[in-house]
Amino acid sequence: MTLQKTVRDIKSLKIQGAKNIAVSAVKALSEHARSAKPKSAKGLIKELDFAKRMLFASRPTEPCMRNALNFVMNNVHGEDLEHLRSVFHMNVKRCLDHLDSAGRLIAKIGARKIRNGMVIFTHCHSSTVDSILLEAKKTGRRFEVHNTETRPRYQGRITAKELAKAGIPVEHYVDSAARLALKKADMMLMGADAITSEAKVINKIGSELFAEAASLRDVPVYSCSDSWKFDPKTIFGYEETIEKRKPAEIWKNPPKGVRINNFAFESVDSDLITGIISEIGVYSPSLFIEEMKSKNKWIFKRLYF
Ligand code: RUB
């Protein structure tokens with residue numbers, strides 16, 4: 001897929017979910033490198049850097065994409081064009097391998113938490129959460145899922161469709177019925193778009209509200225996430241830059257005097273999160289950050305601009 005089309009599809013949510021966005025962005029950059037015909041190594045670096053910035057800007061609040069694109073650009077410097085290309089494509093392969101193998105590991109680790117007879121609550125569409133539920137089903141666990149539709153873009157329907165297709169019973173609720181959906185739940189699983197340096201999890205709007213409702217009922221809340229969603233840049237105030245989408249997604253022609261706030265995400269306080277399920281293990285949010293300091297040092301060193 002071309003760079004321009006990928007950027008358009010990310011902006012329009014045709015490609016949605018942090019991991020899908022990261023994978024598509026890396027593939028688009030890789031395609032771009034293959035089709036580019038620069039005269040020198042410097043020229044290729046310039047083109048890739050420009051393309052990387054276009055992808056960053058397509059959804060600025062996606063650190064998994066930023067970390068992945070920074071990873072593939074690692075050590076891509078020097079004068080030798082062919083060497084530079086081969087380093088870049090090797091990085092692309094390692095990056096895609098990571099996203100794939102981490103995903104499979106998270107599915108296995110997460111599926112161990114699901115027991116027969118459980119009701120799992122989830123919100124929006126997270127490919128990571130889905131992979132856990134599908135793995136649990138594959139290993140013979142019997143459970144049901146309660147999920148919320150996720151207005152205004154209804155990503156909850158993607159979840160409901162995928163799970164129902166795999167034979168997992170799903171009860172689907174409007175967002176404002178989340179308390180009812182949680183009543184019989186044994187566990188809440190949600191994805192993550194970012195994990196901040198203060199150990200908060202940023203995820204689809206509604207996530208904190210539902211995590212609060214879950215913790216009032218002693219329902220454990222797990223965020224399921226590739227560790228590359230950690231975003232050290234949040235030290236500089238991620239919260240103020242949370243994505244606000246077009247008002248028309250909510251109401252095309254609102255009456256005069258009505259201002260529409262269409263926040264895409266919100267941050268979930270670490271106190272509400274029982275654990276983060278990632279490929280490095282299951283840790284409380286603060287321990288997750290500690291583990292990251294030793295297991296993924298490179299992410300801390302990156303500055304994005
Ligand atoms: C999707 C969303 C998902 C996370 C994690 O929001 O909030 O929970 O991105 O997804 P949107 P994944 O639809 O606005 O992109 O587990 O697939 O990375």
Side-chain angles (χ1 to χ4, degrees), residues 6-26 55 58-69 95-96 98-111 120-135 145 147-163 175 178 188-196 200-211 214 221-231 238 241-246 249-250 262-268 273 276-279:
T6 305
V7 166
R8 271 201 312 275
D9 286 355
I10 293 174
K11 275 189 181 158
S12 70
L13 290 194
K14 199 164 174 193
I15 300 171
Q16 62 79 232
K19 184 179 167 182
N20 291 336
I21 291 170
V23 170
S24 306
V26 168
L55 288 160
S58 66
R59 220 145 174 217
T61 46
E62 289 297 350
C64 189
M65 163 169 64
R66 290 203 299 275
N67 287 330
L69 291 177
C95 174
L96 294 176
H98 162 82
L99 292 167
D100 180 52
S101 61
R104 277 185 280 122
L105 192 53
I106 298 168
K108 285 208 158 61
I109 297 173
I120 315 291
F121 172 83
T122 190
H123 177 53
C124 195
H125 173 250
S126 154
S127 61
T128 317
V129 169
D130 280 10
S131 69
I132 289 175
L133 298 169
L134 295 173
E135 175 69 20
V145 172
N147 93 310
T148 29
E149 59 179 358
T150 319
R151 261 186 63 78
R153 297 295 297 257
Y154 302 104
Q155 292 95 323
R157 292 181 186 174
I158 307 175
T159 307
K161 260 193 223 162
E162 276 184 18
L163 300 182
D175 297 328
M188 169 171 164
L189 295 181
M190 64 174 177
D193 284 278
I195 301 168
T196 76
K200 292 182 180 186
V201 167
I202 311 239
N203 196 50
K204 180 53 56 188
I205 192 75
S207 296
E208 186 169 65
L209 180 66
F210 303 156
V221 176
Y222 289 94
S223 171
C224 312
S225 170
D226 190 303
S227 71
W228 286 22
K229 290 179 186 169
F230 176 65
D231 185 3
Y238 185 97
T241 58
I242 252 172
E243 181 180 333
K244 250 180 140 182
R245 298 187 62 84
K246 287 191 185 126
E249 283 187 347
I250 295 184
N262 186 9
F263 290 100
F265 302 114
E266 71 180 332
S267 87
V268 183
I273 298 168
I276 294 176
I277 302 176
S278 81
E279 79 284 6

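Since this is a predicted model, take the numbers as computed values, not measurements. Counting convention: from 1, in listed order, for ligands and their atoms alike. When reading the values below, keep in mind they use all heavy atoms of this one structure, side chains included, and skip hydrogens, waters and symmetry mates.
Ionic pairing of R151 and E149 is not present here: no N-O contact between side-chain nitrogen and carboxylate oxygen is shorter than 4.0 angstrom. Using a 4.0 Å cut-off between a side-chain N of Lys or Arg and a carboxylate O of Asp or Glu, R66 and D231 qualify as a salt bridge.
Close approach of ligand 1 to K229 is summarised as follows: ligand atoms under 4.0 Å from at least one heavy atom of the residue are 5 (C), 12 (P), 16 (O), 18 (O). Proximity to Q155 (heavy-atom distance under 4.0 Å) selects the following atoms of ligand 1: 11 (P), 13 (O), 14 (O). Of all atoms in ligand 1, listed by their number and element, those nearer than 4.0 Å to a heavy atom of Q16 are 1 (C), 11 (P), 13 (O), 15 (O). Residue T128 approaches ligand 1 through these ligand atoms, each under 4.0 Å from one of its heavy atoms: 12 (P), 16 (O), 17 (O), 18 (O).
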Kindly determine whether E279 and S227 satisfy side-chain hydrogen bond (donor to acceptor under 3.5 Å, both in side chains), including the steps that lead there. CA-CA 7 Å; E279 79 284 6; S227 71; 2.6 Å; yes
Checking M65 against S58 for the side-chain contact (heavy atoms from CB on, under 4.5 Å) test, could you report, in this order, the C-alpha distance in whole Å, the side-chain angles of both residues, the deciding distance, and whether it holds? CA-CA 10 Å; M65 163 169 64; S58 66; 3.9 Å; yes
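Inter-residue side-chain proximity for H125 and Y154 is flagged as unmet; no heavy-atom pair is nearer than 4.5 Å. Here the side chains of F230 and S278 are not in contact, with every heavy-atom distance at 4.5 Å or above. Put simply, the side chain of T148 reaches to within 4.5 Å of the side chain of F210, judged on heavy atoms.
Polar contact with ligand 1: absent for E62 (N/O pair, distance under 3.5 Å). No N or O atom of N20 sits closer than 3.5 Å to an N or O atom of ligand 1. The shortest N or O to N or O distance between F265 and ligand 1 is not below 3.5 Å.
Side chains of H98 and D226: a donor on one and an acceptor on the other come within 3.5 Å.
In this structure, atom 5 (C) of ligand 1 lies nearest to the protein heavy atom A192 O, 3.4 Å. At the top of the distance list for atom 7 (O) of ligand 1, counting protein heavy atoms only, stands D193 OD2, 2.9 Å. Summary of contacts: the protein heavy atom closest to atom 8 (O) of ligand 1 is N203 OD1, 2.7 Å. Closest to atom 6 (O) of ligand 1, if we only count protein heavy atoms, is K204 CE, 3.3 Å.
If you look at R59 next to ligand 1, the close heavy atoms, those under 4.0 Å, all belong to the side chain.
In terms of heavy atoms, S225 sits closest to K229 at OG-CD, 3.3 Å.
When the heavy atoms of S127, G17, C224, A22 are ranked by distance to atom 17 (O) of ligand 1, first place goes to S127.
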